[in-house]
Amino acid sequence: GTIRDGLLGFNADGSLKFHIQTSNGLQNNTILAMSQDNKGHLWLGLDKGIALVKMSENILFYKDDAGNLGTVYSMIKHNDMLYVGTNQGVYYYNNAIKQYGPQSNAFKLVKGTQGQVWELKKVGDVIICGHNDGTFIIDKAKATKISDVTGGWFTQNIKGREDWFIQGTYTGLVLYIKD
């Protein structure tokens, strides 16, 4: 616990595991006391109140003070990338799960995904984006449109047919077969 920089957690080898501060969840950065409860959670006595850090949960808090991301509808981690589907598009952050305290410019827009995102879902080895303007495959920072049918909001694999999935849209159901 620090006086001006929040909470730092380290692995046994001395490498930084996490850094929790005001930019990602604490009320302020001055930690005056720490105590661990019987569930392994860490309680922090702060200059301005108390905070509970649930050590058994992999939770990242990110404050978008500038409002750049918009309203979040879906999130998924894939190949060390965190993808966030919002009412303004799909944003990505590389290695977001491993690092705490991303800066406000850390999330980048996947080009071509501006607009309402309803769902991000892993289908096989790809990420499917159900969007107001159609359906996309998201690969790293690239979006490829695979359908112009608008409003893909729910995608489900078909049991027994790993290469087939069905999607609910604004106008009905769409069947996709992985090629």
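Please read these numbers as outputs of a predicted model, since none were measured by experiment. Just the heavy atoms: all of them, side chains too, but no hydrogens, waters or symmetry mates, feed the values below. Counting from 1, the numbers follow the sequence of the chain as shown.
- A heavy-atom distance below 4.5 Å is found between the side chains of Leu16 and Leu8.
- Between the side chain of Asn29 and the backbone N or O of Thr22, at least one donor-acceptor pair lies under 3.5 Å.
- In this view, Thr71 and Tyr73, Asn87 satisfy the side chain to side chain contact (heavy atoms under 4.5 Å, CB included) rule, not counting sequence neighbours.
- The distance from the OH atom of Tyr83 to the OH atom of Tyr93 is 14.0 Å, given to the nearest 0.5 Å.
- Put simply, Ile128 and Tyr176 are part of the same group of oily side chains (I, L, V, M, F, W, Y) that touch within less than 4.5 Å, one to the next.
- In this view, Asn28 satisfies the side chain to side chain donor-acceptor pair (under 3.5 Å) rule with no residue, not counting sequence neighbours.
- Tyr91 pairs by the ring-ring contact (aromatic ring centres under 6.0 Å, His included) definition with nothing, not counting sequence neighbours.
- Partners of Asn11 by side chain to side chain donor-acceptor pair (under 3.5 Å), not counting sequence neighbours, listed by chain and number: Ser15.
- Going from atom NE2 of His78 over to atom NZ of Lys121 covers 14.0 Å, rounded to the nearest 0.5 Å.
- The closest side-chain heavy-atom distance from Gln21 to Thr2 is not below 4.5 Å.
- When the side chain to side chain donor-acceptor pair (under 3.5 Å) test is applied to Asn79, no partner is found at least two apart in sequence or on another chain.
- Using a distance-only test at 3.5 Å, with no hydrogens or angles considered, no donor-acceptor pair links the side chain of Thr135 to the main chain of Ser147.
- Side chain to side chain, Thr86 and Gln88 fail the donor-acceptor criterion of an N or O pair below 3.5 Å.
- Distance alone, capped at 3.5 Å, places no donor-acceptor pair between the His131 side chain and the Val90 backbone.
- For the salt bridge (Lys or Arg N to Asp or Glu O under 4.0 Å) condition, no pair includes a residue of residues 23-48, sequence neighbours left out.
- A distance-only check finds a donor-acceptor pair linking the side chain of Lys145 to the backbone of Asp133 [under 3.5 Å].
- Counting all heavy atoms, side chain and backbone alike, Val110 lies closest to Ala141 at CG1-O, 3.6 Å.
- Applying the side chain to side chain contact (heavy atoms under 4.5 Å, CB included) test to Gln27 and every residue at least two apart in sequence or in another chain returns Leu46, Ala51.
- Pairing each heavy atom of Ile76 with each of Lys122, the nearest pair is CD1-N, 3.4 Å.
- Every residue two or more places apart in sequence or in another chain was checked for a side chain to side chain donor-acceptor pair (under 3.5 Å) with Lys111, and none qualifies.
- With sequence neighbours excluded, the residues that form a side chain to side chain contact (heavy atoms under 4.5 Å, CB included) with Met34 are Leu7, Ile31, Leu42, Leu44.
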Considering only distance and modelled atom types, tabulate donor-acceptor pairs under 3.5 Å from the side chains of residues 149-165, sequence neighbours left out.
unit_1: Trp153; atom_1: NE1; unit_2: Thr169; atom_2: O; d: 3.4
unit_1: Thr155; atom_1: OG1; unit_2: Glu119; atom_2: OE1; d: 2.7
unit_1: Thr155; atom_1: OG1; unit_2: Gln167; atom_2: NE2; d: 3.3

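- In this structure, Ile50 shares a hydrophobic cluster with Trp43, Leu52, the cluster being traced through Ile, Leu, Val, Met, Phe, Trp and Tyr side chains under 4.5 angstrom apart.
- Annotation: salt bridge (Lys or Arg N to Asp or Glu O under 4.0 Å) contacts involving residues 164-179, sequence neighbours excluded, comprise Asp125-Lys178.
- With hydrophobic clusters built from ILVMFWY side chains whose heavy atoms lie under 4.5 angstrom apart, Val174 does not share a cluster with Ile166.
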| request: Check the pair Phe107 / Val84 against side chain to side chain contact (heavy atoms under 4.5 Å, CB included), numbers first and verdict last. | output: CA-CA 9 Å; Phe107 285 93; Val84 180; 3.7 Å; yes
